[in-house]
Amino acid sequence: MRRSTVSLVPLIFLALLFALSVASAFSEATADKSAQLAPTRKAPRNEALEKYDNPPARPRKIETSPRKVSQFGIFTSYQVNVDASGNNIIGDAANECAISVDPTDGNKMTIAWRQFNDVTSNFRQGGWGYTTDGGITWTFPGVLQDNVFRSDPVTQSDEVGNFFYLSLRSDQNQSFFCDDLWGSTNGGQSWVERSPDQGAGGGDKQWLTIDKTGGPGHGFQYQADDGVNCSGFGVEFQRSTDGGATWQAPIVVPQGPVYGTLDVDTNGNLFIGGEGNTFYCVRSSNAQIGGQTPTFDQVTSVSLGGDLGFGGINPGGLDGMLFLAVDRSGGPTNNNIYMLASVVPPGRSTTDVMFARSTDGGLTFSTPQKINDDPVNSSKWHWFGTFAVAPNGRLDAVWHDSRNAANNTDSQLFYSWSTDGGVTWAPNVAVSNPFNPFEGYPNQSKIGDYITIVSDNTGGNVAYSATFNFNPNNGQHEEDVYCVRVSPTGVPSPTPTPTPTPSATVTPTPTATPTVTPTPTVTPRPTPTPRTIPTPRARPTPRPRP
């Protein structure tokens, strides 16, 4: 017996080695398969990314489960798209989340998203939620308009805490792609349509910004789209001088930059970022003058070390968009212009988060920098990159990242920051649990096209979609919207200190190289006690939930 046992040990050992080698080979094969579920191609132009493919789903019994609170180290992600009782809605989906924060009270935030009432249909509506306790608890009152096809949500807040929601609208025949603007004066608890249906012009995919300076354009609203729009005449820009009630005739943007955001410097100059045959930063100096037709007087090509991608880890959507933001801190980096995007480098099919800055008003931009600090790996994804500039000039960047995944596709939200105008960046920090981005599709193979962040002087509030909740009915995880607070200090408190609106004094654009500024000291604050949200207006009685 003893001799027999000893003789079996080498065989068992060899069998284990074989099993491990097979498992390893299977894991690698699975990783390769996961990373190549869809080919990656350059982001399309002149193509509607929003399509009316399905009518609303049939009525169904609404089931719920406890809302998801996902803890990862000191970071807590709170589910946003919950029902009136604060529970997760089983069988729905939500993505493309756009966050805004009241600058006079950081406890008040709103997040808008594409709401799919049933994953059996990709019919989507304009969903939103609001919080009054810094993101610990959320209320989801419903959608902007029941059974109206809406997509591409964008939110903004002005300097006194009014919220705005720009929403793409279309019909079953897709006979138009037009935007409507909605406003809220009560922290996003309710919305009133500022412009009539289709009255805001615009199109797919639109972005919005507001002039918050003290110049002649104070309060003006600006939007740009990707060329599939109300009028059908190329990539267009539009302006509203009356708070979004009416919009002036669209103007074609030089070089046609698409999938990019807008911002305004302290001198009232408007900058539009996006991708044409390369990336561009386009300036209008007179958009702030209400009596003049806006013109574009500066067009700068910008290298970000690659192109925007479509497909791959997000099979039916973009792998990220271009985000442009301006520093209005009044400090040494004032009026710096920053551009960041997840791009596909030459020879690759996966993405890196790349960044460039201008210190001379957009005339020139720096050599692109890679923000994700893991070694270059053609199998890893760093996607949906976005960022914000804090009132004190700090930069906060977040993105989805698969560096820790054996299959190369399971992703975590990652974070980095810079206090010297983007010259150097802090070591990357994972702030969420990993999730499978391929589950929970609402009959549409993507988890949206972007995520967003808004920063204050001590940290940033992030809105992102992830698949933490499990749906036992179909054996898959679900796409839901989450809010998490990130901070250079790692303080997990979700409640920011209200930041006073910075002075609107016009400051000349600096041309000197930015100097390194120390990380601001954070004053400790007591952790807020979650409070009960008043009962919101009732959600629609279960009816055909698309």
Side-chain angles (χ1 to χ4, degrees), residues 35 40 43 70 72 75 77 95-99 259-261 273 275 279 304-310 312-314 317-325 338-345 348-356 368-389 394-405 408-418 422 425-437 446-455 459-467 481-488:
T40 306
S70 181
F72 183 80
F75 298 99
S77 294
N95 58 40
E96 286 190 7
C97 31
I99 188 170
Y259 310 134
T261 62
E275 186 177 45
F279 288 100
L304 285 176
D307 299 310
L308 294 179
F310 184 99
I313 199 166
N314 197 34
L318 297 171
D319 300 318
M321 292 193 177
L322 182 282
F323 288 85
L324 177 150
Y338 306 113
M339 296 173 66
L340 179 146
S342 290
V343 304
V344 181
R348 291 258 302 275
S349 61
T350 54
T351 47
D352 284 326
V353 181
M354 302 296 291
F355 169 86
Q369 299 172 252
K370 184 168 76 77
I371 305 304
N372 53 285
D373 58 9
D374 54 328
V376 173
N377 185 330
S378 61
S379 297
K380 301 299 182 181
W381 291 87
H382 314 87
W383 53 296
F384 279 10
T386 187
F387 82 112
V389 184
R394 188 192 67 256
L395 308 181
D396 294 315
V398 291
W399 63 92
H400 290 328
D401 197 307
S402 72
R403 72 179 68 180
N404 294 327
N408 296 324
T409 53
D410 283 356
S411 298
Q412 295 172 273
L413 188 71
F414 264 68
Y415 169 55
S416 183
W417 66 92
S418 173
W425 289 81
N428 300 174
V429 178
V431 299
S432 84
N433 286 295
F435 65 92
N436 181 345
K446 68 177 184 177
I447 192 168
D449 290 314
Y450 54 87
I451 60 176
T452 54
I453 179 174
V454 172
S455 296
N461 295 290
V462 186
Y464 71 105
S465 290
T467 58
V481 174
Y482 293 88
C483 180
V484 62
R485 182 160 176 83
V486 296
S487 168

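Between the CG atom in D352 and the CG atom in D373 there is a gap of 11.0 Å [rounded to 0.5 Å]. The structure places CG of N433 at 11.0 Å from OG1 of T467, a figure rounded to the nearest 0.5 Å. Separating the CD atom in E275 from the CE atom in M339 is a distance of 9.5 Å, to the nearest 0.5 Å. Taken from OG in S402 to NE2 in H382, the straight-line distance is 6.0 Å, to the nearest 0.5 Å. Remark: S465 OG to I451 CD1 distance equals 8.5 Å, nearest 0.5 Å. One finds the CD atom of Q369 at 10.0 Å from the CG atom of L340 (value rounded to the nearest 0.5 Å).
Contact between T40 and S349 at its shortest, heavy atoms only, is OG1-O, 2.8 Å. The minimum heavy-atom distance linking T350 with P345 is given by the pair O-CD, 3.4 Å. A430 approaches Q412 most closely through the heavy-atom pair CB-NE2, 3.9 Å. Here the shortest heavy-atom pairing between L318 and N314 reads O-ND2, 2.7 Å. Among all heavy-atom pairs drawn from R485 and G459, the shortest one is NH2-N, 3.3 Å. Taking both residues in full, the closest heavy atoms of A341 and L304 are given as CB-CD1, 4.1 Å, listed atom of the first, atom of the second, then distance.
Between D374 and R403 there is a salt bridge, with a side-chain nitrogen of the basic residue lying less than 4.0 Å from a carboxylate oxygen of the acidic one.
Side-chain contact between D396 and V398: absent, with no pair of heavy atoms (C-beta onward) separated by less than 4.5 Å. Proximity of T351 to W399: side-chain heavy atoms (C-beta onward) are nowhere separated by under 4.5 Å. In this structure, the side chains of N372 and K380 stay at 4.5 Å or more apart for every pair of heavy atoms. Residues D319 and W381 have side chains in contact (heavy-atom distance under 4.5 Å, counting atoms from C-beta outward). Using a 4.5 Å heavy-atom cutoff, the side chains of P488 and R394 are in contact. Here the side chains of Y259 and Y450 are not in contact, with every heavy-atom distance at 4.5 Å or above. Side-chain contact between S432 and Y464 is present, with heavy atoms from C-beta onward closer than 4.5 Å.
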- request: Output, in order, the C-alpha distance, side-chain angles, deciding distance and verdict of side chain to side chain contact (heavy atoms under 4.5 Å, CB included) for V353 and S416.
  value: CA-CA 11 Å; V353 181; S416 183; over 6 Å; no

query: Is there a side chain to side chain contact (heavy atoms under 4.5 Å, CB included) between V343 and R348 once you walk through the steps?
result: CA-CA 10 Å; V343 304; R348 291 258 302 275; over 6 Å; no

- request: Might you work through the side chain to side chain contact (heavy atoms under 4.5 Å, CB included) test for Y415 and V462, ending with a clear yes or no?
  value: CA-CA 10 Å; Y415 169 55; V462 186; over 6 Å; no

task: Begin with the C-alpha distance, continue with both residues' side-chain angles, and end with the deciding distance and a verdict on side chain to side chain contact (heavy atoms under 4.5 Å, CB included) for I99 and I453.
output: CA-CA 7 Å; I99 188 170; I453 179 174; 5.6 Å; no

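Under the 30°/60° scheme for interplanar angles, the aromatic rings of F387 and Y338 are found to stand perpendicular. The aromatic rings of F435 and W383 are tilted relative to each other, their planes meeting at an angle between 30° and 60°.
Exactly one residue among F414, W417, F355 makes a ring-ring contact (aromatic ring centres under 6.0 Å, His included) with W425. That residue is F355. Checked options I371, V389, L395; the residue passing with S418 is L395 (criterion: side-chain contact (heavy atoms from CB on, under 4.5 Å)).
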